[in-house]
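Accompanying notes for the structure given below.
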There are 2 protein chains.
Amino acid sequence: MNRRDRLELRTLRYFVAVAEELHFGRAAVRLHMSQPPLSRAIRALETELGATLFHRTSAGVTLTRAGAVLLDEARALLDRAERVPARVAAAAGAATLTVGILGDSTDPDVVRLADAYRRRHPHVEVTVRETDLTDPTCGLHAGLVDVALTRGPFDPTGLTTQTLRADPVGALLRADDPLAGRASLAPAELADRRWFRFPEGTDPLWQAYWNGGEPRPGPVVRTVRECQQVVLWNGTVGMTLADHVPAEGLTVVPLTGLPPSQVVLAWPRTDPNPLIRSFVRLAVAVYDASQGLS
Amino acid sequence: MNRRDRLELRTLRYFVAVAEELHFGRAAVRLHMSQPPLSRAIRALETELGATLFHRTSAGVTLTRAGAVLLDEARALLDRAERVPARVAAAAGAATLTVGILGDSTDPDVVRLADAYRRRHPHVEVTVRETDLTDPTCGLHAGLVDVALTRGPFDPTGLTTQTLRADPVGALLRADDPLAGRASLAPAELADRRWFRFPEGTDPLWQAYWNGGEPRPGPVVRTVRECQQVVLWNGTVGMTLADHVPAEGLTVVPLTGLPPSQVVLAWPRTDPNPLIRSFVRLAVAVYDASQGLS
DNA sequence: TGCGACGATACCCGCGCGGTATCGAGTGTG
DNA sequence: CACACTCGATACCGCGCGGGTATCGTCGCA
């Protein structure tokens, strides 16, 4: 009568674990769960099938004849089920996912995300396209990438976005700058300086944010490296991540009163490619887990 | 990351339904569910497998190549899974369940329960043992039956019991009895009559209940038929179910102030036979459903 | 007879699943 | 050309199931 009364693979996985360990406690460990729900699940399976699967004696647990038969059947089913994803993937053709990454991402979470995705979808050919700072969407609109692992803010028209993390920002200064020794700075204290900025045509939201709230005059940069060079050589200033470890001769001072910089995942609003969905799901999980333990 | 991310048979059943109907709405009907969760499940499956399974065009739904492959795989898996219960049952040997039924059970729910159980466990050999009224446990203690579908009250020592329903009771009288025309009776109004009773050694709780709260003198009966005969021939009275349709020359008048008669399922407390468990589960479901619509 | 091992039971909680309501896109029609 | 209809997708909600912790009951053993 209940809906939980048809055979399911999960139950069979439980059964196989117990049948192989012949010990509920150890099987539970192997299944990364605790013993009581496992006992219950096996009991429910016995009820469902109308047959006792294990002899529970004080000496230990042994398979009944019915249990032995089910073990064969279950292994066959699980083996076959195991191979289904690979076969479907093969039929779908060489699956490809192109991830756009904003130039400076030495983010350790990106590595963890790449690992996790590779483990989850070994058949997917992931290509990474690193882009400079002049396009926060990493070429999403041009169709150059399927999904962009980038930073905000930018015009989200036609895109779906998902914020993964927020990092405090800081001012990038020469190490011998008079303000270099400060524990923190307000953007106003740098109002009279020249700030590096991005080329004409760059997303205005993006431009404004990285100039401390409003576009300011200064040299044009395209890459992280250029930002550093232009500060070193011109004595300009600019924004970067507060925990950024700068190059020799540069320093970073935390900026106060500014919204933190968000790590954002973006992808086309209408793209039906399910690889994107699973990538997004995984990314959220990985970044959340990372948040949790920090 | 979630636990809901391994392939499950339920999901495959959904997929096969949609693949065969090529229409989400109709597939949902076939699966006895509504369309939105079905759409979600298919989407989740696509995400999980990293492949699009259906082309959703305005013209309708068609399978992709990946979907076609999955359809084959899914059918193979489901076919095999379908046969598992039968094979396990065969290995367990001829499964037998003996149900004890108290003599007078012309209860329609019993029929529905028998049907449901037969549908659910077609391989189980169900034998029914109808017993007289002298043992409310239908021979459970003697091991004559596995489970008793009976009425209370009785001594539950060593048994597990489950109440399924409660029915009002009435007095069984001759149709020409002075009290026969009454709309209802209190047991006290029959205090001076002789009540039929059960033989020496019958469960005391049982004996007392069916004599209106305390054992009263009167002729000894063993079966429902004997009850009727003894009332017809001796002018004795006794208790029966209020909605009982009596034989010619008899009548039933509802009794007030007595606890209703409970339909009770009873089985040995320590019997490991899983057939009993599933029978009990089903019985509860059937009787509950029956309650609901009354 | 106390103790340890181990499966079963009791009870609680969070989330995944299925429900209803609604949207939005695409299409045929007066 | 607007309107209505179809049908899958989305938003949101409530509940039951699956998994958790605590504890029990039983059996073997010192």
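Because the structure is a prediction, the values reported are computed rather than measured. We name chains A, B, ... by the order of the sequence lines, and we start the count at 1 in each one.
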May I have the distance from A:Arg40 (atom CZ) to C:dG7 (atom P), rounded to whole angstrom?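 Between P of C:dG7 and CZ of A:Arg40: 16 Å.
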Tell me: CG of A:Leu53 to C1' of C:dG7, nearest whole Å? 15 Å
Counting side-chain heavy atoms from CB outward, which of [options] is closest to [X]?
{"X": "B:Gln35", "options": "C:dT9, D:dG19, D:dG8", "value": "D:dG8"}
{"X": "A:Pro36", "options": "C:dG18, D:dT21, C:dC11", "value": "D:dT21"}
{"X": "B:His23", "options": "C:dG7, D:dT10, D:dG8", "value": "D:dG8"}
{"X": "A:Val61", "options": "C:dT20, C:dG7, D:dC7", "value": "C:dG7"}
{"X": "A:Arg56", "options": "D:dG8, C:dG7, C:dA21", "value": "C:dG7"}
{"X": "B:Met33", "options": "D:dT10, C:dG7, C:dG18", "value": "C:dG18"}

Across the strands shown, which category fits A:Ser34 at heavy-atom distances under 4.0 angstrom: base, sugar-phosphate, nothing?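 It contacts base atoms.
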Mind checking A:Phe54 for me? I need base, sugar-phosphate or nothing, with any heavy atom below 4.0 Å counting as a touch.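 It contacts nothing in the nucleic acid.
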What verdict does the side-chain hydrogen bond (donor to acceptor under 3.5 Å, both in side chains) test give for B:Ser261 and B:Arg151, after you've listed the backbone C-alpha separation in whole Å, the side-chain angles of each residue and the deciding distance to 0.1 Å? CA-CA 7 Å; B:Ser261 163; B:Arg151 288 186 174 275; 2.7 Å; yes
Between B:Ser278 (side chain) and A:Gly50 (backbone), is there a donor-acceptor pair under 3.5 Å? no
Quick one: does any side-chain atom of B:Gln162 pair with a main-chain N or O of B:Leu265 as donor and acceptor, under 3.5 Å?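 Pair absent, no side-chain N/O of B:Gln162 close to backbone of B:Leu265.
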Toward the 5' end of DNA chain C, by each residue's nearest nucleotide, A:Arg43 or B:Pro37: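 Upstream on the strand: A:Arg43.
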Please name the pair of heavy atoms, one in A:Tyr14 and one in A:Ala41, separated by the smallest distance, quoted to 0.1 Å.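 Taking A:Tyr14 first and A:Ala41 second, the nearest heavy atoms are CD1-CB, 3.7 Å.
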Quick one: does A:Arg10 reach the base of D:dG18 with a side-chain donor-acceptor pair under 3.5 Å?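 Under the 3.5 Å cut-off, the side chain and the base do not form any donor-acceptor pair.
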